[in-house]
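Indexing begins at 1, ligand by ligand and atom by atom, following the structure's order. All of these numbers come straight from a predicted model, not from anything done at the bench. All values below were derived from every heavy atom in this structure, side-chain atoms included, with hydrogens, water molecules and symmetry-related copies excluded.
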Amino acid sequence: MKPVDLLVIGAGPAGLAAALTAADCGLSVVVVDENPQPGGQIYRQLSDNPLRDCEAILGADYFAGAPLLQRFATSGIDYLPRTSVWQIAGDNTAYFSGTSSNGPTAPLKARFIVLATGAQERPLPLAGWTTPGAMTVGAAQILLKTAGLLPPRDVVLVGSGPLLYHFAEQVFQAGGTIQALIDTTRAIDKFKALRHGPNALRSPRLLWRGVKLLAALRRQRLNRIVGASDIAIVGESQVSAIEFRVGGKTHRLSTSSVLLHAGLIPQTNFSSALGCEHYWNSQQFSWQVKCNDWFESTRAGLFVAGDGGRIMGAEAAELSGRIAALEIACQGEKISAAERDAQARPLRQAWQRLLAARPLLDTLYPPPAECFSPKDEAIVCRCESVTASQIRSAARLGAPGPNQVKALTRAGMGACQGRMCACVTAALVAETSGQPIDQVGMLRSRYPVKPVTLEEIAGSVPAACGAIGHPR
Ligand SMILES: Cc1cc2nc3c(=O)[nH]c(=O)nc-3n(C[C@H](O)[C@H](O)[C@H](O)COP(=O)(O)OP(=O)(O)OC[C@H]3O[C@@H](n4cnc5c(N)ncnc54)[C@H](O)[C@@H]3O)c2cc1C
């Protein structure tokens, strides 16, 4: 494919906004996304949703994406759906898996790249979380949005974070039932969050949405259990129950289905594989890529917009994409620095207002303790079946960080390339060695960041071998 000015990876709010702004400024743009339709996580399947009354079920936030999707659909921007990027080489050539209508997608070189790959759910490695019948809330929401499927009627939702409650409301609106929502947040978390209240008032719409959501769930008589700990999923070949402690007592609920959620973390695979600088954000309990005010990483020409940079929500993600694209247009000599600054000023102000409620949410819904210190028997690396106990042993043997734990145990070496275990592994090494997690460091991601067939690798061999320095 002919080189382009800008490759945008991810067609969620951040990626679409970046692409539209850049194209408006006169840059050539290609957008690629592994989903069959644009929209990302939040606006997934918006243009042909299978639910009969989807507006009432999925809510106004879902439909807020319609104008953005409409503008993208009529923009004429080159768009490759059902296509994953599995590698970005040092010369900014991206390698794809998935076929377009014209056959396999050839590698593409771009002057600038916007990583708008979004967030993933934080893994919650409870004992028994790999048992059939246990999955994440986000996965269940994808089934609802794309196939109109509801969870079983005895489902139990477990963990912390706004998505847990948002999904509960969507299930009720769709006519489903929920046996219980087990929330791991403690009274102390509410108390700690209070100090962020005044600043959060700068984002009143978000707060109002939260208040309305909790009131609606009360009307639905949601069985909400708060302050749970020591959670274990019970069952051999299928989930049969969930056990937890509240107020010093152990409780057990029989169930066939458990949905887990512990908040969101940015997807850092590409920025990590490309050697960008990262830091540990102790407010959001996650590794995040270092970016300047224009969302440019420490690797020149590589921008990270939206939740892939830090968890900010859909509206802020869209604004960050637009701000990044203005800087790209300026570096690409399509607009002047004065034009860039004038256009970016109101966007930046709106972005900061939207972020005002984040510290409140992050403090109110911290991840459950099991995200950092799972029980010994819990599987941490699902791809390679490595338990917390094996990782603790590797740390005791002297592995100073997740990269060395990987060499000793294979944790992080499987198909997901550490997406599910990297953060927990780093936390376990920190716990065992008594060091802060930022000193333990993050797992360096390796290519391919997404599963790819040998045929697809072979198809891009001449270019790929050149890029990684092997003889052709
Ligand atoms: C599971 C889940 C459910 C959520 N549900 C809600 C909700 O109901 N309400 C709400 O307000 N917020 C929700 N959020 C948060 C919300 O989705 C984000 O705040 C918002 O979508 C961020 O936009 P974004 O453009 O940064 O990323 P996203 O919208 O996540 O878009 C990222 C896109 O990148 C694509 N992508 C990633 N990696 C690759 C790759 N290697 N190759 C090609 N494409 C790739 C993905 O397919 C995706 O379409 C959810 C988040 C998650 C993870």
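Ranking the protein heavy atoms by distance from atom 35 (C) of ligand 1 puts Asp33 OD2, 3.3 Å first. Nearest protein heavy-atom contact of atom 5 (N) of ligand 1 is Gln141 OE1, 3.0 Å. With hydrogens left out, the protein atom closest to atom 27 (O) of ligand 1 is Gly118 CA, 3.3 Å, a heavy atom. Nearest non-hydrogen protein atom to atom 36 (N) of ligand 1 is Glu34 OE2, 3.9 Å. The protein heavy-atom contact nearest to atom 15 (C) of ligand 1 is Leu264 CD1, 3.8 Å. The protein non-hydrogen atom at the shortest distance from atom 10 (C) of ligand 1 is Ile42 CD1, 3.3 Å. The closest protein non-hydrogen atom to atom 29 (O) of ligand 1 is Gln41 N, 3.0 Å. With hydrogens left out, the protein atom closest to atom 41 (N) of ligand 1 is Val85 O, 3.1 Å, a heavy atom.
In this pair, Tyr365 and Tyr165 present their aromatic rings tilted. The plane angle is within the 30 to 60° band.
Within the 3.5 Å criterion, the main-chain N or O of Phe285 finds a donor-acceptor partner in the side chain of Arg122.
Residue contact check: Asn35 has heavy atoms under 4.0 Å from atoms 47 (O), 49 (O) of ligand 1. Atoms of ligand 1 found under 4.0 Å from any heavy atom of Ala314 (numbered from 1 in listed order, with element): 19 (O), 20 (C). Numbered from 1 in the order shown, with element, the atoms of ligand 1 that lie under 4.0 Å from a heavy atom of Ala14 read 25 (O), 26 (O). When each atom of ligand 1 is checked for a heavy atom of His166 under 4.0 Å away, the hits are 7 (C), 8 (O), 9 (N). Every atom of ligand 1 is numbered from 1 in the order shown, and the set under 4.0 Å from a heavy atom of Gly138 is 1 (C). Against a heavy-atom cut-off of under 4.0 Å, Gly12 is close to the following atoms of ligand 1: 25 (O), 29 (O), 31 (O). Shown in contact with Ser84 at under 4.0 Å from a heavy atom are these atoms of ligand 1, numbered in order with element: 42 (N), 43 (C). Heavy-atom proximity to Gly306, at under 4.0 Å, picks out these atoms of ligand 1: 26 (O).
Assignment of Thr83 to the shell around ligand 1 is supported, since a heavy atom sits closer than 4.0 Å. Put simply, no part of Tyr43 is less than 4.0 Å from ligand 1, judged by heavy atoms.
For the residue pair Asp307 and Gln41, no side-chain donor N or O sits within less than 3.5 Å of a side-chain acceptor on the partner. In this structure, a donor-acceptor pair under 3.5 Å is absent between the side chains of His278 and Ser272. Thr136 and Glu121 share a side-chain donor-acceptor pair at under 3.5 Å. Looking at Asp154 and Gln179, their side chains never bring a donor and an acceptor atom within 3.5 Å of each other. Side-chain atoms of Asp5 and Ser28 form a donor-acceptor pair, as typed in the model, at a separation below 3.5 Å.
Contacts with ligand 1 closer than 4.0 Å are made by side-chain heavy atoms of Ala317 only, the backbone lying farther away. Contacts of Glu318 with ligand 1, taken as heavy-atom pairs under 4.0 Å, are absent altogether. Contact annotation: for Leu163 versus ligand 1, heavy atoms closer than 4.0 Å belong to the side chain alone.
Between Glu318 and Arg71 there is no salt bridge, since none of the side-chain N atoms of the basic residue sits less than 4.0 Å from a carboxylate O of the acidic one. Here Arg209 pairs with Asp61 in a salt bridge; the nearest charged N to carboxylate O distance falls below 4.0 Å. With respect to Glu456 and Lys450, no salt bridge is recorded, no charged nitrogen being found less than 4.0 Å from a carboxylate O.
When each of Arg358, Lys190, Lys192, Gln283 is tested with Thr363 by the rule side chain to side chain donor-acceptor pair (under 3.5 Å), just one qualifies, namely Gln283.
Nearest-heavy-atom check against atom 32 (C) of ligand 1 across Gly10, Ala116, Ala305 picks out Ala116.
For ligand 1, the polar-atom distance check against Phe270 finds no nitrogen or oxygen pair separated by under 3.5 Å. Checked by distance only, ligand 1 and Gly39 stay at 3.5 Å or farther apart across all their nitrogen or oxygen atoms. Residue Asp307 has at least one N or O atom closer than 3.5 Å to an N or O atom of ligand 1.
A cation-pi contact links Arg382 to Trp129, judged by a cut-off of 6.0 Å to the six-membered ring centre and 45° from its axis.
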Would Tyr62 and Asn49 count as a side chain to side chain contact (heavy atoms under 4.5 Å, CB included) if you check the C-alpha gap in whole Å, the side-chain angles of each, and the deciding distance to 0.1 Å? CA-CA 11 Å; Tyr62 182 61; Asn49 195 287; 2.9 Å; yes
Start with the C-alpha gap between Thr185 and Val226, add the side-chain angles, then the distance that decides, and say whether side chain to side chain contact (heavy atoms under 4.5 Å, CB included) holds. CA-CA 7 Å; Thr185 54; Val226 183; 4.2 Å; yes
Quick one: do Val289 and Arg299 satisfy side chain to side chain contact (heavy atoms under 4.5 Å, CB included)? Show the steps, please. CA-CA 11 Å; Val289 60; Arg299 188 174 189 273; over 6 Å; no
